[in-house]
Each structure stands twice: as C-alpha cells, then as structure tokens.
Amino acid sequence: MQLSELEIIRREKLGQLRALGINPYPADLYPVNHTSKAIKEQYTEGKKVIIAGRLMRKKIQGKASFAEIQDSQGRIQVYFNRDEICSGEDKMKYNELFKKLLDLGDFIGIEGELFTTQVGEITILVKDFKLLSKALKPLPLPKTDSQGNTYDEFIDPEMRYRQRYADLVVNPKVKEVFVKRTKLFTAMRDFFNNSGYFEVETPILQSIPGGAAARPFQTHHNSLDIPMYMRIACELYLKKLIVGGFDGVYEFAKTFRNEGMDRTHNPEFTMMEIYVAYKDYNWMMDFTEELLEYCATQVNGNSKTVFGDHEINFKAPYARVTMTDAIKNFTGFDISDKTENEIREAAKAMGIEVDNAMGKGKLIDEIFGQKCEANYIQPTFITDYPKEMSPLTKEHRSNPELTERFELIICGKELANAYSELNDPIDQRERFEDQVKLAGRGDDEATEFIDQDFLRALEYGMPPTSGMGIGMDRLIMFLTNNASIQEVLFFPQMKPEKKQVAMSEDEKAVFNILKETSPIDLNSLKEQSGLSNKKWDKTIKGLTKHNLVKVEKTPEGMLVTMA
RNA sequence: GACCAGUUAGCUCAGUUGGUAGAGCACCUCCCUUUUAAGGAGGUGGUCCUGGGUUCGAGCCCCAGACUGGUCACCA
C-alpha cells in the first residue's frame with residue numbers, strides 16, 4: 001500500500017511515542033464520567049470532569065493552546081496550559097506529546113476543571129490528559145465558521161458511502177439521520193407493543209420465496225443439497241403465526257430483492273409487516289394513519305415534515321380514494337364494467353405501452369402508475385385494487401372484480417401496502433394457480449411458486465385478518481428529507497472498490513517467489529526468476545508501479561519487499 | 001440495460017490553444033499563555049481513475065475499460 005506523506009508522518013509519531021514510553025493503544029479502561037453535552041447542560045465553574053473523544057481542533061498559541069474534543073454527543077472546547085499540565089521542570093508532556101505527537105482524529109482522555117473563557121465559551125482546563133488511540137489516517141475534516149458556513153465539506157458521495165465511519169465523524173448531520181432512523185423504529189415498536197401486538201422473527205433463508213413477486217437472491221444449502229432463497233417478504237410466515245393463534249404479529253424484516261439499484265432501491269432493505277386478527281382493511285387505514293402521525297411526531301417533534309419541494313403532514317386522517325375514482329379523476333376514463341380489451345385500448349389511447357402479456361389488473365395498474373400516482377403528494381390511501389394484481393387479498397365485499405387492498409401514497413411514492421387478507425384456502429389456491437398461468441403468459445411480475453405449506457396452514461383456518469407493510473427506508477427518507485436511500489442506510493450496497501491488478505505472466509512468477517520469501521535480496525530474486533535483463537527490468541518496474549512490491553536500498557544491498 | 005456528467009495533493013476545487021501540475025484548508029519547521037473557519041513567517045506534499053492510441057510533447061485530443069452521481073427503463 002502506498003502511504004501518503006501525512007500517513008508516513010503519523011506512523012513515525014508512533015515510534016516516537018513508544019520511545020517516550022507511551023503506548024499509543026493502551027488496553028486499560030478510561031474512567032469517563034461526563035459527555036460534552038452533559039458538561040454544557042450542567043455547567044458549574046470549577047467542576048472536575050473526565051471526558052474522552054477525538055481531538056478535532058488544535059490551535060497552539062505558544063505555551064497555551066485551545067483544542068476541541070468530539071465525543072458521541074458533540075464537541076467541547078479544552079484548554080491546554082503548559083504549566084497546568086507540567087507542574088515540574090519537565091515540560092515534555094506539553095511540548096512534545098501535546099504539541100507535536102497528537103494529531104486531529106486521535107482519541108484522548110481529558111481530566112480537568114470547567115471554566116468559561118473571556119469570550120464566553122464553556123471550556124475544560126486540562127489538568128491531565130492521556131492518549132487513548134492514535135489515528136494513522138487524517139480525517140477529511142471540514143471547517144465551520146461562526147455563520148455556520150462550512151468549508152472543505154466531505155461531500156463526495158462515493159467516499160462518504162464507502163467510508164461511512166469517516167462520514168459519521170466529520171458530518172454531524174449524517175449522524176442525525178441515523179439517530180432519527182432508530183427513533184422511528186423505537187416509536188413504531190412502542191406503538192405496536194402498546195396496542196398489544198407481538199414482535200416476532202421469521203426465516204430469512206427460505207426454500208420458497210413467497211409473499212411478493214420479485215427476483216430473489218439464490219443460494220445453496222450444502223448439507224441439505226437444495227437451493228435456498230433470501231426472503232423477498234415475510235407475509236406468508238406471519239400469516240402462519242396468525243393461524244397459530246396470535247392476535248397480532250409484526251416483524252421488522254431485512255428483505256432482499258435481486259433487482260436494479262437506484263436512489264430508491266437497495267438490494268437489501270427493511271420492511272415492516274404487521275398482521276392483526278379480526279380486523280379488515282378499513283380498520284387498518286385508521287390504524288396506519290394513527291401510527292404514522294405518532295411516528296412522525298416522535299421523530300421530528302411534530303407531524304409535519306418537508307420533503308423536497310413539498311411540506312407533508314402526517315396528521316390523521318388521510319384522504320381515501322378508490323383506484324377507479326383516481327383513474328376517472330386524472331384520465332376521465334371509467335374502468336368499471338370494462339373488458340380487458342376495452343381497457344387495453346383506453347390505455348393505448350393514453351399513450352401507455354401495452355402488450356398481450358398484460359392482464360386486466362396489470363393494465364389498470366399501469367394506467368394508475370403512469371397517470372395518477374405522481375399526483376398524490378399528501379398521504380392518501382388508494383383503495384380497491386383489481387383482483388388480478390393482488391393474489392393474497394380478499395375479494396372486495398361488494399365487487400368481485402376488486403380486492404380489499406390499499407396502498408398509501410406520499411409524494412407520488414408507495415409507502416405502505418395493506419389488505420384484508422385472503423383466508424379462504426380454496427380461493428387462495430385458485431389465485432395462486434392464476435398467477436402461475438399469468439407467469440406462463442409472460443408476466444414477470446406474477447408469482448410462479450405455490451407455497452403448499454401456506455395453503456395447508458390456511459386450511460386449518462385463519463381468522464379474518466388485516467395485514468400491512470411499510471417500507472421503512474422510504475419512510476425515514478420522507479422524515480429526514482433525503483431523496484436517496486443511500487443516505488438512510490449506514491452501509492449502502494456499492495460495487496467492490498478493489499481494483500484487480502492485471503499481472504503479466506512474468507510478474508506473476510516473480511510475485512510468487514516473493515510470496516515465499518519477503519523481503520528478498522534483489523539480485524537473488526532476479527536470479528530465481530530466470531529472466532533476461534530486459535524482461536527483468538520491465539517486470540520489476542511493472543510490479544513497483546502497481547505497488548505490489550517495494551524496492552529499498554539498505555546497507556546490506558537492494559531489498560525487494562512485498563508491499 | 002441506455003443516455004448524460006464526473007474522477008487532479010489528506011479535503012474542497014482551479015487548470016487557458018496540447019508546451020515545466022496550481023490554490024485554499026490540512027500537514028511540517030520556527031514564533032506566540034483565554035483563542036473562535038482562517039495569528040505571523042517559511043516549507044513539504046501528485047499513479048492528474050486505469051489501459052491503449054495520436055503527437056517531438058497529453059491532465060487536456062481519440063479509443064476501450066473501472067468506479068460514482070443523475071435521468072430513463074426495470075422494480076405488484
């Protein structure tokens with residue numbers, strides 16, 4: 001690995017520290033008893049405190065210095081005075097350790113007393129300090145002025161996502177997003193628990209990926225010698241638990257879909273699914289809007305949030321619009337009592353691309369998706385979806401063409417999806433069979449697996465149940481005004497960054513010798529390689545250029561080392 | 001998958017017509033005992049994403065590729 005000048009300097013400091021008898025990575029605990037936040041909130045002049053954190057600012061003014069320590073709660077200024085730290089004749093601790101060997105990013109512990117500077121800033125007068133961990137890489141540290149303008153902000157998205165640890169250290173707003181994310185999960189969990197529902201875990205590794213139509217990640221179980229899939233939903237398992245007698249079950253489920261990635265899709269994401277017995281989708285709409293109002297308020301302090309150009313209000317109740325009315329409203333076309341062909345012609349007339357693989361439901365869904373969905377900014381329940389698109393949903397109580405399903409749309413995006421769950425096992429089997437036919441017709445959104453075990457469970461009897469799923473990542477995007485899912489995932493999926501260095505055959509051969517012996521004398525390596533002078537020169541230059549090996553001149557001669 | 005844009009110092013970014021690779025901050029050395037993004041003086045630091053090509057000469061032009069972002073397609 002090629003080190004930058006800054007990294008070499010820091011590594012040299014390690015040696016200097018050890019020479020002074022200072023362990024740069026001590027093992028013993030450090031008796032922290034305050035945080036930066038607590039100090040600022042409960043300030044008393046002269047109070048003795050012990051804190052620890054990263055050194056994030058260092059301003060040396062001769063025999064005294066100001067610095068800033070960043071801990072998990074924020075930053076606090078500390079004041080280093082040479083004669084406070086070094087009461088005797090030996091001023092090494094201030095002059096060498098603090099002034100020269102400590103770098104920004106190092107973890108240090110501080111013992112000191114609180115005071116307020118002439119400018120009025122709460123500060124710790126350092127009585128003693130200890131290096132807790134040396135940072136060998138410089139942080140990409142931005143600066144902020146008194147007006148709050150930042151300079152040299154660490155903003156390259158690729159670097160921020162790949163090095164989220166550094167992003168979190170230097171960009172406080174990033175941390176806020178993740179604090180809110182966890183607050184959201186806590187709020188939702190509290191709301192469900194207070195309603196008497198039961199948090200469960202169901203299999204992530206499944207032999208039939210059910211409950212949704214999406215391409216799964218496939219893997220293989222060696223000792224069973226069968227294909228297995230990462231789940232694309234937990235719906236079927238949760239319903240099996242309702243069959244088993246729970247009144248309400250929910251799961252925060254990491255879910256995996258082997259599909260395209262963009263700013264709203266990550267291959268692994270988090271779904272919350274909840275199923276409640278003896279309820280229907282009307283009840284679930286009431287429940288959902290109360291839930292979201294509660295969660296938004298817990299996360300942001302009130303039910304309103306700004307997302308892009310829009311202010312969204314999560315305050316219940318939300319508008320409820322049937323899909324038929326939505327389409328009538330935005331296209332003037334009434335889908336009720338129309339045949340598949342009439343709808344296909346209407347869609348074509350609207351400029352929507354259609355093909356024969358599309359069934360009636362798919363056509364209606366396309367019309368809605370392209371002509372209506374984007375118009376709903378405030379939370380709106382779209383209800384009563386066509387039957388064909390909803391194989392797990394109970395037929396509508398007053399129209400057999402429709403199902404008792406709703407989606408919650410916010411800013412033109414689907415946030416939640418819910419049904420009165422289909423619990424008629426014979427109907428369910430027929431719907432699955434219809435799906436298999438659709439899949440055979442070429443509809444890649446139709447499910448091709450039939451989960452016989454799920455049907456068996458339904459045959460034992462499932463109470464009337466309503467279920468609802470929420471895309472948690474999307475919800476937190478709305479609540480933190482982030483347009484990109486990568487901003488709300490600690491470690492969004494990225495292509496591997498490691499470059500495969502292509503080596504020539506000669507280079508590989510020399511490299512393999514080095515693997516056996518490194519470092520090795522240059523002449524002996526050359527001899528072992530059996531290469532001509534010219535070839536040898538090219539090969540060793542290629543290897544050094546790719547930073548795979550290092551050639552060093554030492555008193556013993558030229559040495560070649562694996563980098 | 002298609003199209004557009006980007007990739008230069010630790011960070012943020014300039015880089016003219018193809019002619020010795022730049023700035024600010026950071027870093028290093030020296031001075032400075034209550035400062036507030038930036039005290040003063042001096043200095044160091046580069047795989048210009050990678051690989052080819054054109055050229056006397058490429059950060060810049062051409063070709064191929066990598067990665068990232070955006071838009072579209074896809075994603076019930």
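Every chain is numbered from 1 and lettered A, B, ... according to where its sequence line falls, protein lines coming before strand lines. The figures here come from the full heavy-atom set of this structure, side chains too, leaving out hydrogens, waters and symmetry mates.
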Contact string for nucleotides 30-40 of chain B, one letter per nucleotide 5' to 3', B = base within protein heavy-atom range under 4.0 Å, S = sugar-phosphate only, - = neither, reads S-BBBBBB-B-
Using a cut-off of 4.0 Å on non-hydrogen atoms, how would the nucleic acid contact of [X] be classed: base, sugar-phosphate, or nothing?
X	answer
Glu259(A)	sugar-phosphate
Lys13(A)	sugar-phosphate
Gln486(A)	sugar-phosphate
Leu6(A)	base
Arg405(A)	sugar-phosphate
Arg215(A)	nothing

Separation of the [atom1] atoms in [N] and [M], to the nearest angstrom:
N	M	atom1	answer
G59(B)	G1(B)	C1'	31 Å
G43(B)	C49(B)	P	28 Å
A9(B)	A21(B)	P	15 Å
A23(B)	U44(B)	P	11 Å

Using a strict threshold of under 4.0 Å (side-chain N to carboxylate O), is an ion pair present between Glu401(A) and Lys387(A)? no
Between Arg75(A) and Glu68(A), is there a side-chain N and carboxylate O pair less than 4.0 Å apart?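 Looking at Glu68(A) together with Arg75(A), the answer is yes, because their closest N to O distance falls below 4.0 Å.
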Does any nucleotide pair with [N] by Watson-Crick or G-U wobble geometry, both distances under 3.5 Å, and what is it?
N	answer
G69(B)	C4(B)
C56(B)	G19(B)
U34(B)	none
A76(B)	none
C28(B)	G42(B)
A9(B)	none

Spell out yes or no: do the side chain of Asp156(A) and the base of G69(B) have one donor N/O and one acceptor N/O closer than 3.5 Å?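 No, no donor-acceptor pair under 3.5 Å.
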Within the pair Arg10(A) and C27(B), is there a side-chain N or O less than 4.0 Å away from OP1 or OP2?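 It does not, given that no N or O in the side chain of Arg10(A) lies less than 4.0 Å from OP1 or OP2 of C27(B).
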To the nearest Å, how far apart are Leu141(A) CG and A26(B) C1'?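 Rounded to whole Å, this separation is 9 Å.
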Counting heavy atoms from C-beta on, name the nucleotide in U68(B), U12(B), A76(B) closest to the side chain of Ile155(A). U12(B)
Would you please indicate yes or no on a ring centroid separation below 6.0 angstrom for Tyr43(A) and Phe115(A)? no
Six-ring centre of Tyr385(A), Arg405(A) cation under 6.0 angstrom, axis tolerance 45°: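 The answer is yes; both the distance and angle limits are met.
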Over 60° means perpendicular and under 30° means parallel, so classify the ring planes of Tyr79(A) and Phe66(A), tilted if in between.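 Plane angle between 30° and 60°, so tilted.
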